[in-house]
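Everything below concerns the one structure shown next.
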Amino acid sequence: MDHKLHLLETFSARDAHGKSYKVRGYEHMMREDLFVAAEEHWESTGQAEYRLDSGEPLEMLPDGTLRMRGSDVVLTRQ
């Protein structure tokens, strides 16, 4: 099956030092073998991911903050 990322949202977040970052939230989509009106049909897998605008992956923490993978930098949504 084919997969793609679908942009859900874009927002600003800040770290503890006040530096601002642009964050993009995506959902994973999977193509179904169903064609409706001659168009491809994509279905959400229920899995989401967040990345910095530069493409670096972020981890969603239980309290809703985001951590840059491999670092201690935590971002809070603005």
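Side chains included, hydrogens not; waters and symmetry mates left out as well; all remaining heavy atoms used. The residues of the chain are indexed from 1 along the displayed sequence.
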Expected list for residues 7-14: side-chain donor-acceptor pairs under 3.5 angstrom, two or more places apart:
| unit_1 | atom_1 | unit_2 | atom_2 | d |
| --- | --- | --- | --- | --- |
| Glu9 | OE1 | Arg77 | NH1 | 3.3 |
| Glu9 | OE1 | Arg77 | NH2 | 2.6 |
| Glu9 | OE2 | Tyr50 | OH | 3.4 |
| Arg14 | NH1 | Gly18 | O | 2.9 |

Practice task
Name all residues meeting the side chain to side chain contact (heavy atoms under 4.5 Å, CB included) criterion together with Thr65; count only those two or more places apart in sequence or in a different chain, and write none if there are none.
Solution key: Leu61, Asp63, Val74, Thr76
Practice task
Report yes if some heavy atom in the side chain of His6 is under 4.5 Å from a heavy atom in the side chain of Trp42; otherwise report no.
Solution key: no
Problem - side-chain contact (heavy atoms from CB on, under 4.5 Å) partner of Met30, the single match among His3, Lys4, Glu43 - result: His3
Completion exercise
Applying side chain to side chain contact (heavy atoms under 4.5 Å, CB included) to Glu49 and not counting sequence neighbours gives Leu5, Tyr26, His28, Arg51
Exercise for the section: Go through the structure and list residues passing salt bridge (Lys or Arg N to Asp or Glu O under 4.0 Å) with Glu59, not counting sequence neighbours. Expected result: Arg67
Fill in the blank from the handout: Contacts of Asp72 meeting side chain to side chain contact (heavy atoms under 4.5 Å, CB included) (sequence neighbours excluded), chain-then-number -> none
Handout entry: Heavy-atom closest contact (Ser44 atom, Met29 atom, distance)
Key = CA-SD, 3.7 Å
Handout entry: Partners passing side chain to side chain contact (heavy atoms under 4.5 Å, CB included) against Met68 (at least two apart in sequence or in another chain)
Key = Tyr21, Leu52, Leu58, Ser71, Val73, Leu75
